[in-house]
Structure formats: structure tokens, C-alpha cells
Colleague: 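There's a structure below that I have some questions on.
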There are 2 protein chains.
Amino acid sequence: MTSVLVCDDSPLAREALRRAVATVPGVERVTTAANGEEVLRRWGADRSDLILMDVRMPGLGGVETVRRLLSADPGARIIMLTVAEDLDGVALAVAAGARGYLHKDASRAELRATVTQALADPTWRLAPRRLRSSDMGAAPTLTAREIQVLEGMSHGRSNAEIGRELFLSEDTVKTHARRLFKKLGASDRAHAVALGFRWGLVR
Amino acid sequence: MTSVLVCDDSPLAREALRRAVATVPGVERVTTAANGEEVLRRWGADRSDLILMDVRMPGLGGVETVRRLLSADPGARIIMLTVAEDLDGVALAVAAGARGYLHKDASRAELRATVTQALADPTWRLAPRRLRSSDMGAAPTLTAREIQVLEGMSHGRSNAEIGRELFLSEDTVKTHARRLFKKLGASDRAHAVALGFRWGLVR
DNA sequence: GAAGCCGTAACTCTTTCGGGTGACCGTCGT
DNA sequence: ACGACGGTCACCCGAAAGAGTTACGGCTTC
């Protein structure tokens, strides 16, 4: 019983993907999920042989979902779905263990070919390329506090203001800032905010 | 001859939307475009009665495309397509003159109903709501230079570094920065970068 | 139980930022 | 022709940021 799980936040894309995948020989079941949380929630009870997952999704985001899914089940086979602008996210997802990716401009034929290949060869894996020099696959796992500080930055708050909002001293906020910069590889708060957006950590 | 233009960067979504719209009574032609630039390029020669446009697209982005399209042709009827997270963008697009929006979770029925309505009544317009208090419909139209500076910021460059890259003095970069802050309503560079991402000005 | 990460906080020091202001030039629109 | 706007540059100044360092208690993890 070969089953494939399609995860994309847009129901239209989801449906289109579902239909496309269903035409692949050997695929008997195609299930869908609208976000990463749903995938993780259902993964315990209902595992698929292959997952197609959008990189850019609300909530967890594709990269973070891949990371969590693989830490729970290192054998999961995942192919990322992406648009050209998500290449950083794809690189991160592949570094985190996704088997490969499909550009959303891919033709139906390419999609079917890739899915066929991935299902036929359980060890199939795209050679990682274009990975960022720093943080090669290092999960930029920010703590709750660090994300709160990063969000404060993204709203234009100063360290002192963030401190007042979170009932912390400014110095503590600066410590969190320094640590999250290091984790993200950011050179300053503007860069950190940009990386936060690119990685789907903030919105 | 009633024609509808569907603009979405994902070919899958585009195709799904095209098929859904084609089933609306009275619609005789559905054309598609993959990005805002394409829409603008073709708008001179080939105008449609209604445009469905994704908010989140690479390049120009839906909001900016709406703005430019309407400044070229104030009569254009546009409905935004969105996911929950784009509400700021939707608000901006509606403020800029889009007639309404469709959530991407909308059922096929809702989509058809909205398209039918928009086509039947040329004056149909969603009452703007949830607009941000500041910048009510004020177009954050950044100049090329300002966007370059903003991009530099998003890559973690200091003003001096941006200056070196663009062959400008640091003081000039600071001037561009100050002006783009004012236009965006940003309190500092981190905020500006965040707003740049939220409005699709940078990626 | 030692090592490591996290949350908290303080201190110093240097660099950078951001606001204010003024200026010159070119272009575009009216 | 005038004004508005954009691109360029300069100077001043105070506030903020960021780097470095230290510290201490709590909590996992090995």
C-alpha cells in the first residue's frame, strides 16, 4: 500500500497536486494536509511513504516541519515544493534531511518523474548544493524568548521597549539579541529580521 | 466577450483557478499570468474584465501590481487572492483600489459566486475594513535607490557598506534610509526590513 | 555529576544609527 | 517658470546598538 502525503496551505494547489500525484503508477493513496502542524499531528497514526511539502506555509513553515518530522522519524522521505524565491529555505530543508525538491513551475511530467523516482528508490536523495556556507544544516532553533525579541525588533521596538513589554531589563534583551544573532548568523537586527522572515520564524 | 485574467505564481494554483473560473456562467475566456510584470506588460494590448491576483508573488508582488495597474487603468477590476497571513497586503490592495478579495481556502462555490458578482456588477466593491491606521492606502512607493538600500539592510550591511556597494557616500545612503523610513512608517532599519517583507518589496 | 544551554542581569567600550538641517543639481509635470 | 521630487553629499549630535565579558540559578543530557 503506497501512500503519499501532500502538504500545502493553498487548497487549490493541494488539490492540483493531489490529482497529479494520484496518476503516478503504484500510488494507491494520496492524503493531504494544510499545514505543518497537521502533518506532525497525524504522523504518529498514519505514515505515508512520501511527503510533498510546501516550503512557504503559515505557522510552522516547511523547513521547521521537516526538521521536527525527521527528528521524530529519521526515515521519513520528504520532497520540498518551492518557488524560486525560497531557495534558502530549500537548502535548509535539504540540509535538514529532505530528499530533494520540486520547483512549483515544474511540469506535471517532472513532478510525476520525481515522485516515481523517490518511491522506487528509498535511498534516493538529491545531492545538497547551494547550501549557505555558515549554518550548513544547523537548525536555527530560536527559543521562545529569542523569537519574542525578534518579533519585537520586527515591529520596530528598541531593546528598551522590548524589555518593558516582556518585563525584562534592557540588558537581558540585549543578551537574547546577541544570542539570536549568533544562531541566525545575523550581523545586526535588520539582518536578523530579514532572516527571520526568510526562514518563516516571524511574519 | 467576457474574459478573466488569473495571476498566480504557482502553475498548479493557476491551472486550478483557471478551471474553476471557466465554469462561471458568462465567462468566455480565461487567460493566465505568472507574475505582476506579465500582467502589466500585457495589459495594454489585452484587457480583461476581471483580474484575480495573488497577493504573495515573487517580483512585483500583488499589492504593487494592483497599484501600478490602477494608476494605468483606474477602471480595472481586481480581486485579490490571499492566505490568512497576507491580511495586511489585502488591506493595502483594497485600499489601493482592488475590488475585494478571496481567501485561498474559499470553496469553489465561493470563488464562483464572487466572480459572478464582480462580473455582474461593475461597481461591486468590498467595503474596506481592517486597514492599518497609519498609511491608509498611502502607497509605499519606494524608488529604485531606496529599494536597493533596503535590500542592503536586509542583507545585514551597514550604511557604509551599502555605500561602497552602490558607489555612494555613507551620508547619501543615510538620506535614502531616512526617506524610505518615512515612506514606510518605519522606526528603524529592522522595522523597515520587516515592512519590506510584509509588503513584498524585498525577499 | 559535569557539561551545556537557557534566562536573567550588569558592566564597559566602540561603532553605528537616526534625526535635523542645509545644499546643489536634474527632471518632470503643470 | 515654478515647484515638487529624487539623487547626491555634508555636518552635528544624542541615542541606540552591538561586542565582549562576567555571573548565577535552573534545567536537561550524557
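Bear in mind the structure is a predicted one, so any value in this text is a computation, not a measurement. Values below: all heavy atoms of this structure, side chains included; hydrogens, waters and symmetry mates excluded. Order of the sequence lines sets the chain letters (A, B, ...), proteins ahead of strands, with each chain counted from 1.
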Colleague: Output yes when B:Arg42 and B:Glu38 qualify as a salt bridge under the 4.0 Å nitrogen-oxygen rule, no when they do not.
Modeller: yes
Colleague: Salt bridge check, A:Asp8 against A:Arg18: does any charged N sit closer than 4.0 Å to a carboxylate O?
Modeller: no
Colleague: Atom NE2 of A:His191 and atom P of D:dA19: how far apart are they, to the nearest Å?
Modeller: 13 Å
Colleague: Do you know which of B:Arg145, B:Met153, B:Glu146 makes side chain to side chain contact (heavy atoms under 4.5 Å, CB included) with B:Val149?
Modeller: B:Met153
Colleague: Are A:Thr172 and C:dA9 close enough that a side-chain N or O sits under 4.0 Å from OP1 or OP2?
Modeller: yes
Colleague: Donor-acceptor pair, B:Arg77 side chain versus B:Ala118 backbone, under 3.5 Å?
Modeller: yes
Colleague: Within less than 4.0 Å of OP1 or OP2 of C:dG18, is there a side-chain N or O belonging to B:Ser187?
Modeller: no
Colleague: Whole Å only: how far is the CG atom of B:Asp188 from the P atom of C:dG18?
Modeller: 6 Å
Colleague: Do A:Arg178 and D:dT21 have a side chain to base donor-acceptor pair shorter than 3.5 Å?
Modeller: yes
Colleague: For D:dG6, take OP1 and OP2 only and decide whether either is under 4.0 Å from a side-chain N or O of B:Lys183.
Modeller: yes
Colleague: Is the shortest side-chain N/O distance from A:Asn159 to OP1 or OP2 of D:dA16 below 4.0 Å?
Modeller: no
Colleague: Between C:dC11, D:dA23, D:dG7, which nucleotide has the shortest distance from any of its atoms to the side chain of A:Asp171?
Modeller: C:dC11
Colleague: Between C:dG20 atom C1' and B:Lys182 atom NZ, what is the distance in whole Å?
Modeller: 10 Å
Colleague: Please tell me which of A:Met153 and B:Thr175 maps to the more 5' nucleotide of DNA chain D, matching each residue to the nucleotide holding its nearest heavy atom.
Modeller: B:Thr175
Colleague: Rounded to whole angstrom units, what separation is found between the CD atom of A:Glu170 and the C1' atom of C:dT8?
Modeller: 14 Å
Colleague: Expressed as a whole number of angstroms, how long is the span from B:Phe181:CZ to C:dC17:C1'?
Modeller: 8 Å
Colleague: Determine, for A:Arg178 against A:Asp171, whether the closest basic-nitrogen to carboxylate-oxygen distance falls under 4.0 angstrom.
Modeller: no
Colleague: Which whole-number value in Å describes the distance from A:Leu180 CG to D:dA19 C1'?
Modeller: 14 Å
Colleague: Is A:Arg189 side chain donor-acceptor paired with the C:dT16 base, going by distance under 3.5 Å alone?
Modeller: no
Colleague: Of all the nucleotides listed (D:dG18, C:dG19, D:dG7), which has the minimum atom distance to the side chain of B:Arg179?
Modeller: D:dG7
Colleague: With DNA chain D as reference, determine whether A:Ala177 or B:Phe167 sits nearer its 5' end, using the nearest nucleotide of each.
Modeller: B:Phe167
Colleague: Is it the case that the base of C:dT16 and the side chain of B:Arg157 share a donor-acceptor contact (distance under 3.5 Å, atom types as modelled)?
Modeller: no
Colleague: Check the side chains of B:Ser169 and B:Thr172 for a donor-acceptor pair under 3.5 angstrom, ignoring hydrogens and angles.
Modeller: yes
Colleague: Donor-acceptor pair under 3.5 Å: do we get one between B:Thr143's side chain and the base of D:dC5?
Modeller: no
Colleague: Between C1' on D:dG20 and NZ on A:Lys174, what's the gap in Å once rounded to a whole number?
Modeller: 12 Å
Colleague: Could you check how far CG of A:Leu168 sits from P of C:dG7, rounded to whole Å?
Modeller: 10 Å
Colleague: Is any side-chain nitrogen or oxygen of A:Ser169 closer than 4.0 Å to OP1 or OP2 of C:dA10?
Modeller: yes
Colleague: Side-chain N or O of B:His176 less than 4.0 angstrom from OP1 or OP2 on D:dT8?
Modeller: yes
